Amino acid sequence: MTTIKLHNTKTRRKEVFTPLNPDDVRMYVCGPTVYDRAHLGNARPVIVFDVLYRLLRHVYGADHVTYVRNFTDVDDKINAKAAETGRTIGGITEETIRWYLDDMGALGALEPDHMPRATEFIPQMVTMIEDLIASGHAYAAEGHVLFAVDSYTRYGALSGRTVEDMIAGARVEVAPYKRNPMDFVLWKPSSDDLPGWDSPWGRGRPGWHIECSAMAHELLGASFDIHGGGIDLQFPHHENEIAQSCCANGTDKMANVWMHNEMLLVEGKKMSKSLGNFFTVRDLLDQGVPGEVIRYVFLMTHYRKPMDWTAEKAAQAEATLRKWYALAAQAQDGSVPSQTAVDALADDLNTHGFLSECHQLALAGDAATLRATLQLVGVLETNVPAWAAAPVVDLSAHSYRLAAARETAMQTNDFAQVDRLKSALIAAGVEVRMSKSGVELVPGPEFDPSALEGLE
RNA sequence: GGCGGGUUGGCGGAGAGGUUACGCAGCGGAUUGCAAAUCCGUGUAGACCGGUUCGAUUCCGGUACCCGCCUCCA
């Protein structure tokens, strides 16, 4: 069996992955807050953990992996959007979830086995908070419930910080009802114009972190195998999840392996609205950048390194994919993926190494293995995508005419007519291949049939 | 200020204590009427300064620069 090694943020080392239960490998990934279209950066954890999901399914069997990714559908940004637009919160979240699944699907991401929404797990959150209060890890104050970081000695272990260090930074909100400035909110009161649920502490809504603890516990159990997300979530979100879950569940670890992907840059700069380089996945798709190309560009960079999105990379990815698809289309489904490629993925998701092996398969002309290997990583589904398929056109008349002209030219040594036809074909986006064996015309990606009208 | 990550050939981007990464581009060649496509060949790069070592780009320390988090923005 393939041995998977993963870099564990918690230990800062690459470790051999050993599932708690090989018959049910369990992974939780923090999903989006649904208030707007997903931007390109949001796609990175989706693709990274989709690759891991596919690898786990390949190694342990598709029925032996459980992947959970939540939707945060209660959040002050959503509330703000509703107030701003006059729309209902439910309308906004429903629409955004639909968009998200459509856009990520276009990038070849499989849907997780469970996609829980925070609002569907409020009772579980309330129960967990009650348990935390009962065990002395949380306290109610002025309608809020706060987690007491002093009650959990391992607080900060994941991100390598101590409570003292963080307080020294003195950047935390100092609310009067907090016992320790680092205490964070489990529950907060809602005014009448905000979404709220009845609770022992009055009408209110959950803090950000508790939903993941509650949903992970409900769907995956007190301890599970892998917890993932962007590196920006390492602190405070994941630190807080660990504190809540371990204290509420009485376990010493929430997840065995913590994995974090690095951030995204655009043309070397952080994507931001102020720099004018902010765009969504949908923007790219609408501009005609295929989802497979976006996925390939992401796979070019290891997940633990910052990834730079550039137009040049996208162009290179498209050219490579066209070549590979043309080869893979010659084979049928049913072959086995390259073990070398699988081993690259198993080595802490070395997707670039995986692509290198695909290059070797293409060079060797191994269409069947290339096809299966591309399918493994989600770059190819059942069929070659339409954008990469060869245009269905009949160029035989042009081909015949060019061949005839060439025959004549060979005799007369006057190639003027041949060159004229060739130039016209090339201008129309047709690749002209002439050899001793004859003439071959291949319509390229920029092929424009109208440019050939009237060519004689 | 605290914590964490990064710096590889023209570009992108890996692995490995000592043997060609790979891809793209470039260059040379084969091929072609000329091309295109294809094939073959070609690149001793590793931010800087020390240390360990028979030997380091790969380990350790320091310097510079860049980035992220610490402010419920992935």
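All chains are named by letter (A, B, ...) in the order of the sequence lines, taking the proteins before the strands, and each is independently numbered beginning at 1. The structure presented is a predicted model; accordingly, all values stated were derived computationally and were not measured.
Residue A:Lys323 places none of its side-chain N or O atoms closer than 4.0 Å to OP1 or OP2 of B:rG23. Within the structure, every side-chain polar atom (N or O) of A:Thr320 is placed at least 4.0 Å from both OP1 and OP2 of B:rG23. Taking only side-chain nitrogens and oxygens, A:Lys305 comes nearer than 4.0 Å to OP1 or OP2 of B:rU7.
Using Watson-Crick or G-U wobble geometry with both donor-acceptor distances under 3.5 Å, B:rG1 finds its partner in B:rC70. Taking a pair to require two hydrogen-bonding distances under 3.5 Å in either a Watson-Crick or a G-U wobble arrangement, B:rA47 pairs with B:rU63. Here B:rG26 sits opposite B:rU42 as a Watson-Crick or G-U wobble pair (both hydrogen-bonding atom distances under 3.5 Å). With a cut-off of 3.5 Å on both Watson-Crick or G-U wobble distances, the partner of B:rA21 is given as none. Judged by Watson-Crick or G-U wobble contacts below 3.5 Å, the nucleotide B:rA35 has no partner.
The residue A:Gln316 sits close to a base: some heavy atom pair falls under 4.0 Å. Within 4.0 Å (heavy atoms only), A:Ile426 reaches no atom of the nucleic acid at all. Within 4.0 Å (heavy atoms only), A:Arg44 reaches no atom of the nucleic acid at all. Looking at heavy-atom distances under 4.0 Å, A:His352 makes contact with a base. Within 4.0 Å of A:Lys422, counting heavy atoms only, lies at least one base atom of the nucleic acid. As judged by a 4.0 angstrom heavy-atom cut-off over every strand, A:Asp76 is placed among the base-contacting residues. Residue-level contact check: A:Met300 touches the backbone only, with heavy atoms under 4.0 Å from sugar-phosphate atoms and none from bases. Counting non-hydrogen atoms under 4.0 angstrom, A:Gly41 reaches a base of the nucleic acid. Using a 4.0 Å heavy-atom criterion, one finds that A:Val46 contacts no nucleic acid atom at all. Heavy atoms of A:Thr310 sit nowhere under 4.0 angstrom from any nucleic acid atom. When heavy atoms are screened at a 4.0 angstrom cut-off, A:His39 is found touching base atoms of the nucleic acid.
Contact check for A:Asp50 versus A:Leu107: no side-chain heavy atoms found under the 4.5 Å cut-off.
In this structure, A:Trp258 places its CH2 atom 19 Å from P of B:rG4, rounding to the nearest Å. The NE2-C1' distance, from A:His237 to B:rU71, rounds to 17 Å in whole Å. When the P atom of B:rG68 is taken as reference, atom CG of A:Leu158 falls 20 Å away, rounded to whole Å. Residue A:Met263 contributes atom CE, which lies 16 Å from atom C1' of B:rC66 at whole-angstrom precision. Look at CH2 on A:Trp324: it is 10 Å from C1' on B:rC22, rounded to the nearest Å. Per the geometry, CD belonging to A:Glu357 stands 14 Å off C1' belonging to B:rA14, to the nearest Å. Following rounding to the nearest Å, A:Phe235 (CZ) and B:rC72 (C1') show an atom-to-atom distance of 11 Å. As a whole-Å value, the separation of A:Leu299 CG from B:rG12 C1' is 14 Å.
The separation of B:rG9 from B:rC24, taken at their C1' atoms, amounts to 13 Å, rounded to a whole angstrom. To the nearest whole angstrom, the two C1' atoms, one in B:rU58 and one in B:rG46, are 10 Å apart. Rounded to a whole angstrom, the distance from the P atom of B:rA47 to that of B:rU7 is 8 Å. Only the C1' atoms considered, B:rU57 is 11 Å distant from B:rA16, to the nearest whole Å. Comparing B:rU19 with B:rA56, their P atoms sit 12 Å apart, to the nearest whole Å.
For A:Asp348 and A:Tyr303, the side-chain atoms include at least one donor-acceptor pair closer than 3.5 Å.
For B:rC72, the base has a donor-acceptor partner in the side chain of A:Lys188 [N/O atoms by modelled type, under 3.5 angstrom]. In terms of polar N and O atoms assigned as donor or acceptor, the side chain of A:Asp347 never comes within less than 3.5 Å of the base of B:rG15 in a complementary pairing.
Under the 6.0 Å cut-off for aromatic ring centres, A:His352 and A:His302 do not qualify, their centroids lying 6.0 Å or more apart. If you look at A:His238 and A:Trp258, their ring centroids are closer than 6.0 Å.
Closest approach to the A:Met434 side chain among B:rA36, B:rA14, B:rC34 is made by B:rC34 (side chain taken as heavy atoms from C-beta onward).
Under a 4.0 Å N-O distance rule, the pair A:Arg282/A:Asp103 qualifies as a salt bridge.
The 5' end of RNA chain B is approached more closely, in terms of each residue's nearest nucleotide, by A:Asp419 than by the other of A:Leu265 and A:Asp419. Comparing A:Leu355 and A:Asp75, the nucleotide of RNA chain B nearest to each residue sits closer to the 5' end for A:Leu355.
One finds the OG atom of A:Ser159 at 13.0 Å from the NE2 atom of A:His237 (value rounded to the nearest 0.5 Å).
Using a distance-only test at 3.5 Å, with no hydrogens or angles considered, no donor-acceptor pair links the side chain of A:Gln417 to the main chain of A:Ala409.
The shortest heavy-atom contact between A:Leu186 and A:Ala138 is CD1-CB, 3.6 Å.
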